[in-house]
Amino acid sequence: MIEVKNLTKSYDGHLAVDDLSFSVKQGEILGFLGPNGAGKSTTMNMMTGYLSMTDGTVVIDGHDILEEPEEAKKAIGYLPEIPPLYNDMTVNEYLKFAAELKGVKKSDIPEQLNKVRNLTKLTEMQERLIKHLSKGYKQRVGLAQALLGSPKVLILDEPTVGLDPGQIIEMRELIKNLATEHAVILSSHILSEVSAVCDHVMIINKGKLVVADSPENLSKHLERQGEVSLGVKGEKSRILSTLNAVIGVNRVEFEKESEGIVYVTVYTGKEDLRESIFYALATAGLPIFEMRVVSKSLEDIFVTLTGDDAKEAEKLMAENADNEETKEGSEDAADKEEE
Amino acid sequence: MLAIYKKEMKTYFNSMIGYVYLALAVAVLSLQTYMNNLLSGSSSIANTLSGFFPMIALAVFVPFLTMRIMSEEKKQRTDQLLLTSPVSVEKIVIGKFLSLATIFAMEMIVVALLPVIISSYGKVNFVSSYTAIAGYFLMGLAFLSLGFFISTCSENQIIAVIVSFVSFVILVYLTSFAALIGSSNRAAFIVAMVIAVVVCGLLYYMLNNMVIPIAVFVVAAGILAFLFYKKESVYDGFVLKLFSALSPMSRFDTFISGTLDLDAVVYFISFIFVFLFLSVQTVKKRRWQ
């Protein structure tokens with residue numbers, strides 16, 4: 001449905017989008033993730049024909065966006081970052097205009113308006129002037145506009161910005177339901193949203209693809225590392241040596257010492273070591289004042305991958321690659337064992 | 001295209017701009033009619049239309065009509081809806097221009113009634129009256145197209161109004177400027193150079209490329225200088241000829257004198273075409289930035 005190849009955009013020698021390639025099929029939801037200014041909106045603007053690319057191609061439903069713009073644009077419903085609304089129109093006037101603009105047949109317009117109003121729960125607001133609507137409702141009008149004409153591809157730029165928590169959940173449900181009939185691309189800088197809705201995630205930073213995977217795989221990758229934060233009363237050197245002796249502990253990092261209590265972070269592997277740590281310290285006569293698992297989430301990978309600390313990101317990527325290799329390696333070994 | 005046309009008409013008459021424009025334009029045109037025709041007992045609508053107030057209606061009121069036509073879309077980001085919909089830029093521009101032309105035509109309907117009204121008090125030369133009205137209509141459309149282009153270039157409506165107003169005043173008084181500059185060949189040479197600079201500036205703006213405009217300027221300046229030193233007679237009367245060739249007023253005057261000159265009609269139609277074409281190019285070019 002959507003084929004993007006080597007998409008590149010440069011402004012005066014500065015690369016805003018750098019060689020992105022991906023494809024989305026019907027029924028799939030792809031999430032663009034990245035900090036503000038990562039190139040998400042630029043990519044979407046190029047896909048919808050609002051901006052032109054420096055290099056690369058975008059093919060929507062078999063039509064190149066530059067060579068057959070009208071055919072390609074007919075297949076797209078686009079909700080830009082700021083919903084393109086005319087404040088002096090009522091919701092109905094606006095939706096009718098958008099439907100006519102998209103070339104929806106005159107006889108189909110009332111039915112189409114009814115459908116999108118119901119989907120986005122705008123029926124009560126249909127006679128209101130858009131300038132009198134709250135931000136959440138404006139966002140819905142923008143989405144309703146994108147849904148008009150049942151386009152095959154939906155491109156939604158930060159669709160949940162400005163919505164309250166209840167509306168965010170509604171919006172996610174709506175997007176999930178829409179994905180059965182459409183191919184959906186959405187962008188966000190909120191990870192929980194992307195992991196809740198999308199089948200595939202592309203993390204973008206400074207215009208470049210950092211990592212692309214399913215949300216499950218991304219979180220699995222993170223679970224391999226565990227962190228336990230500890231507060232123990234006693235002598236610093238003894239605490240450190242006791243903890244280092246616990247089987248499964250990779251590294252112990254001293255954080256601070258205050259009022260006789262030593263705070264440390266223990267880096268472990270995948271397994272939960274809280275029990276062993278407790279017994280080890282108890283045997284050594286070192287009372288635990290505080291113990292807590294530092295849970296890593298998608299937020300952490302996001303911060304690591306998109307933060308200024310590029311080295312750390314590279315390390316993570318490398319680990320990811322190593323991991324795959326070892327997996328293959330162990331499979332090989334398993335095969336041999338069978339022989 | 002029709003959707004955009006209908007939307008623009010609705011916007012003009014929902015937001016009062018349409019009514020205020022029509023009321024003011026008709027008021028000043030009527031004032032001129034009262035002074036020229038009723039007070040002094042003349043039956044000539046042509047003289048009325050070439051008077052001071054009808055020119056004010058064009059130069060001062062038209063900018064307020066055209067200022068928002070494109071700049072507002074850009075500012076409100078609604079251009080994202082228009083440019084990502086399956087409608088070409090050409091159709092967007094034509095749809096919007098037709099809405100401006102319709103509002104101007106409403107004003108002209110009132111003007112078109114004037115000869116009929118005056119005829120009940122005496123003899124009216126209908127042919128020359130309606131020729132003059134057609135001339136005023138064409139000149140109005142030309143000004144609308146220029147105002148349209150200026151609105152396309154700016155996100156700021158105030159700037160669009162001011163630039164349009166200044167451009168319109170320059171257009172109306174173009175032939176007077178010719179007299180101001182003088183008829184010496186040196187002045188003519190300087191004017192020709194200035195025009196070369198402006199044309200190359202426009203080229204740079206449209207192409208986003210330094211090499212071609214500079215090359216064109218070097219060649220043009222070389223030819224102009226060569227002519228100035230070797231064959232100065234080329235510049236005889238150049239400024240006056242050039243300015244009256246560019247001036248819409250000299251074309252308008254042929255309509256006022258009652259002759260339907262094909263040259264003048266072609267001039268106005270090309271004027272409109274050029275500025276609508278430039279508007280389309282400006283919108284398309286913005287995508288490449």
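Chain letters run A, B, ... following the sequence lines, proteins first and then strands; every chain starts at 1. These values consider heavy atoms only, across backbone and side chains, with no hydrogens, waters or symmetry-generated copies.
In A:K208, the NZ atom is not crowded: 12 or fewer heavy atoms of neighbouring residues, nucleotides or ligands sit closer than 6.0 Å. Within 6.0 Å of atom CZ in A:R128, 12 or fewer heavy atoms from other residues, nucleotides or ligands are found, so the atom counts as exposed in its surroundings. B:F13 CZ: more than 12 foreign heavy atoms inside a 6.0 Å radius. Heavy atoms from other residues, nucleotides or ligands lying under 6.0 Å from OH of B:Y204 number 12 at most. Few gaps surround NZ on A:K138; more than 12 heavy atoms of other groups in view lie less than 6.0 Å from it. Applying the 6.0 Å contact sphere to NZ of B:K91 captures no more than 12 heavy atoms from other residues, nucleotides or ligands.
B:Q76 and A:N87 make their closest contact through OE1-ND2, 3.9 Å (heavy atoms, listed as atom of the first residue, atom of the second, distance). The minimum heavy-atom distance between A:K73 and B:L83, with the atom names listed, is NZ-O, 2.8 Å. Shortest non-hydrogen contact noted between B:R287 and A:K9 is O-NZ, 3.5 Å.
Proximity to chain A (any heavy atom under 4.5 Å) is restricted, for B:K10, to the side chain, taken from C-beta onward. For A:Y50, the parts lying near chain B are the backbone and the side chain together; criterion is any non-hydrogen pair under 4.5 Å. Both the backbone and the side chain of B:L82 come within contact range of chain A, each with at least one heavy atom under 4.5 Å from a heavy atom of that chain. Heavy-atom distances place no part of A:E71 under 4.5 Å from chain B, backbone and side chain included.
We find the OG-NZ distance between A:S52 and B:K285 to be 11.5 Å, quoted to the nearest 0.5 Å.
B:R77 places no side-chain N or O within donor-acceptor distance of the main-chain N or O of A:P83, the cut-off being under 3.5 Å.
For B:K7, the side-chain contact (heavy atoms from CB on, under 4.5 Å) partners are A:Y86, A:M89, A:F97, B:T11, B:E73, B:K96, not counting sequence neighbours. B:S85 meets the side-chain contact (heavy atoms from CB on, under 4.5 Å) test with A:L101, B:V87; sequence neighbours excluded.
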Go through the steps for A:E100 and B:L2 under the test side-chain contact (heavy atoms from CB on, under 4.5 Å), then give the verdict. CA-CA 8 Å; A:E100 286 172 348; B:L2 190 66; over 6 Å; no
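Highest contact tally toward chain A, considering only B:I92, B:D79, B:I4, is held by B:D79 [criterion: heavy-atom pairs under 4.5 Å].
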